[in-house]
Number of protein chains: 2
Amino acid sequence: MTNSNNRRQQLLEVAATCFYREGYDAASMRLIAEQAGMRTASIYYHFESKDALLVAVHEEALHRIQEAVNAALMDVKGEWNRLEAACAAHLEMLLTGGTFFKAVMRHVPSAVEGRELIFKLRDDYERIFADLIADLELSPETDRGTLRLMLLGAMNWTFTWWRPHEGPAPAVLAFRFVTNLRSCLDLPA
Amino acid sequence: MTNSNNRRQQLLEVAATCFYREGYDAASMRLIAEQAGMRTASIYYHFESKDALLVAVHEEALHRIQEAVNAALMDVKGEWNRLEAACAAHLEMLLTGGTFFKAVMRHVPSAVEGRELIFKLRDDYERIFADLIADLELSPETDRGTLRLMLLGAMNWTFTWWRPHEGPAPAVLAFRFVTNLRSCLDLPA
DNA sequence: AGTTTTCTAACGAACGTCCGTTATTGTAAC
DNA sequence: GTTACAATAACGGACGTTCGTTAGAAAACT
């Protein structure tokens with residue numbers, strides 16, 4: 001039981017890394033198995049298909065990041081501060097929280113069973129940011145939808161260029177992103 | 001000769017659409033051929049390999065978008081206005097300029113020959129924005145690198161959610177993106 | 001306690017399918 | 001009749017998946 005869950009978990013981790021590094025199609029079951037130190041057929045004891053493996057990776061990743069962001073939001077006061085805290089947690093997970101979250105950023109081929117579920121999970125998670133932005137006091141001509149997508153775009157794009165020990169730390173990045181928007185969009189007190 | 005170039009061009013267009021819609025791996029030569037109305041093997045008269053086809057799509061796309069942005073920049077005065085004009089042209093091409101540019105946004109598998117060339121082409125193009133941002137007069141604590149990546153991220157991420165007849169027009173999007181940053185980062189005159 | 005049965009976790013081998021690619025042949029135009 | 005282009009047919013290999021089997025642990029029964 002415990003051993004089984006450990007193995008399943010390890011398999012999930014390895015699969016996430018492969019999906020991230022190679023993309024879904026190029027991440028073959030043979031590669032995943034090899035990286036996990038088992039034979040290809042043995043994967044099917046833990047997951048019924050490659051598609052199910054991908055869905056499981058997404059479920060795990062989005063569950064974790066949702067919890068991390070919610071935890072980071074506790075006891076933070078002020079609408080802009082809350083947005084920045086959420087961004088920091090988001091970037092922390094995406095850039096330094098393991099390969100799970102980078103795998104989520106990759107393209108999901110149209111033939112994957114469970115594609116709609118994956119999209120739904122993504123949408124559910126992003127609703128956190130819609131709520132945080134809804135709480136901001138903004139000038140009436142500012143479009144909140146565009147603002148949310150702009151911020152999420154800036155954040156999610158980081159995984160294409162950010163490298164450890166090179167770019168700014170995730171928290172610094174979050175500060176800069178939010179600050180670049182904050183002082184100009186915030187209403188004069 | 002002319003006929004050949006037409007056919008080659010059509011093939012390129014079809015391939016770009018397939019690469020965008022399915023991703024590189026799932027876009028099989030058989031699918032591309034079918035969509036182009038020819039037999040699979042006939043593609044190899046025009047392109048020596050699938051990898052070469054992908055590289056050609058990237059070359060064409062990045063050449064076109066570079067020209068479009070440069071053209072949009074002619075006769076535009078004012079540093080922020082120039083940045084906005086470049087963003088509008090970039091988004092116009094990405095969102096309504098055909099599938100070429102969306103194909104460029106997709107993941108390039110690590111086994112693709114010419115991968116480095118593709119990355120170099122992308123980097124060369126993005127240098128336009130580095131130059132435009134270098135021209136801005138900003139408060140000294142504003143990091144120009146972060147600003148560039150933030151703006152490019154916001155723009156390039158649009159292709160994951162923007163749909164025709166739904167989201168704001170590309171030019172409107174460009175205006176909002178730049179405006180969200182402009183008034184707060186610009187130095188008081 | 002000892003025996004029988006069931007479950008866990010993995011194995012090697014194979015299946016049918018699809019992949020990118022090639023050698024060869026056909027055909028239309030100049 | 002050569003050249004430009006496209007079609008036929010096939011190749012070797014990789015893919016996801018399924019199969020039958022097995023060693024060992026756990027559970028159930030006697």
Side-chain angles (χ1 to χ4, degrees), chain A residues 1-58 103 106-115 118, chain B residues 1-58 103 106-115 118:
Chain A
M1 170 83 94
T2 297
N3 202 346
S4 168
N5 272 350
N6 283 349
R7 209 84 169 93
R8 190 192 143 98
Q9 199 63 29
Q10 182 218 347
L11 204 44
L12 222 50
E13 205 105 27
V14 167
T17 303
C18 293
F19 287 148
Y20 160 58
R21 286 221 289 246
E22 311 290 336
Y24 179 78
D25 285 310
S28 69
M29 293 297 266
R30 284 165 176 84
L31 174 66
I32 294 169
E34 184 192 329
Q35 296 289 311
M38 64 169 58
R39 301 297 180 177
T40 311
S42 306
I43 297 178
Y44 287 84
Y45 178 79
H46 301 277
F47 298 94
E48 74 169 10
S49 69
K50 189 184 180 185
D51 288 0
L53 193 45
L54 182 72
V55 170
V57 166
H58 274 77
R106 289 263 179 248
H107 176 235
V108 178
S110 46
V112 167
E113 195 131 353
R115 203 171 186 251
I118 287 175
Chain B
M1 172 80 95
T2 298
N3 203 345
S4 169
N5 271 349
N6 284 348
R7 209 84 170 95
R8 189 193 143 99
Q9 199 62 30
Q10 182 218 348
L11 205 44
L12 223 50
E13 204 106 25
V14 168
T17 302
C18 293
F19 287 148
Y20 159 59
R21 286 221 289 247
E22 310 290 337
Y24 179 78
D25 284 311
S28 68
M29 294 297 268
R30 284 166 174 82
L31 175 66
I32 295 169
E34 187 191 328
Q35 297 287 313
M38 62 168 62
R39 301 294 177 165
T40 310
S42 305
I43 297 179
Y44 286 84
Y45 177 78
H46 302 276
F47 297 94
E48 72 170 9
S49 70
K50 189 184 179 185
D51 288 0
L53 195 43
L54 182 72
V55 170
V57 166
H58 274 75
R106 289 264 180 248
H107 176 235
V108 178
S110 46
V112 168
E113 194 130 355
R115 202 171 187 250
I118 287 174

K.L.:
Over all strands shown, is Ser49(B) touching base, sugar-phosphate only, or nothing at heavy-atom distances under 4.0 angstrom?
P.N.:
sugar-phosphate
K.L.:
Bend across the helix from dA1(C)-dT30(D) to dC30(C)-dG1(D), to 10°, with axes taken over 5 pairs at each end?
P.N.:
20°
K.L.:
Any side-chain heavy-atom pair from Glu113(A) and Ser49(A) closer than 4.5 angstrom?
P.N.:
no
K.L.:
Starting from P on dC15(C), measure out to OH on Tyr44(A) and report it in whole angstrom.
P.N.:
17 Å
K.L.:
Does any non-hydrogen side-chain atom of His107(A) lie less than 4.5 Å from one of Tyr20(B)?
P.N.:
no
K.L.:
Would you mind telling me which of Leu53(B), Thr17(B), Thr40(B) makes a side chain to side chain contact (heavy atoms under 4.5 Å, CB included) with Ile32(B)?
P.N.:
Leu53(B)
K.L.:
Under the criterion side chain to side chain contact (heavy atoms under 4.5 Å, CB included), which of Val14(B), Asp25(B), Val57(B) is the partner of Phe19(B)?
P.N.:
Val57(B)
K.L.:
Enumerate the residues from residues 25-34 of chain A whose closest heavy atom to DNA chain D is under 4.0 Å, giving them by residue number; use none for an empty result.
P.N.:
Ala27(A), Ser28(A), Met29(A), Arg30(A)
K.L.:
For Glu34(A), check side-chain hydrogen bond (donor to acceptor under 3.5 Å, both in side chains) against everything at least two apart and list the hits.
P.N.:
none
K.L.:
If only atom types and distance count, is the side chain of Arg115(B) paired as donor or acceptor with the main-chain N or O of Pro109(B) below 3.5 Å?
P.N.:
yes
K.L.:
Taking all non-hydrogen atoms of both residues, which atom of Ala27(B) and which atom of Glu22(B) are closest, and how far apart?
P.N.:
N-CB, 3.9 Å
K.L.:
Using whole Å, report how far CD1 of Ile43(B) lies from C1' of dT8(D).
P.N.:
15 Å
K.L.:
Which heavy-atom pair separates Ala36(A) from Leu11(A) by the least distance, and what is that distance?
P.N.:
CB-CD1, 3.6 Å
K.L.:
Which letter, B, S or -, goes with each nucleotide of nucleotides 23-30 of chain C from 5' to 3', with contact meaning a protein heavy atom under 4.0 Å?
P.N.:
--------
K.L.:
Go through dA9(C), dC11(C), dT8(D) for me and flag the one nearest to the Arg39(B) side chain.
P.N.:
dT8(D)
K.L.:
Roughly, in whole Å, what's the span from CE in Met38(A) to P in dC11(C)?
P.N.:
7 Å
K.L.:
Please enumerate all residues that pass side-chain hydrogen bond (donor to acceptor under 3.5 Å, both in side chains) together with Asp51(A), with sequence neighbours excluded.
P.N.:
Tyr24(A)
K.L.:
Applying side chain to side chain contact (heavy atoms under 4.5 Å, CB included), can you list everything that pairs with Glu13(A), at least two apart in sequence or on another chain?
P.N.:
Arg64(A), Phe100(A)
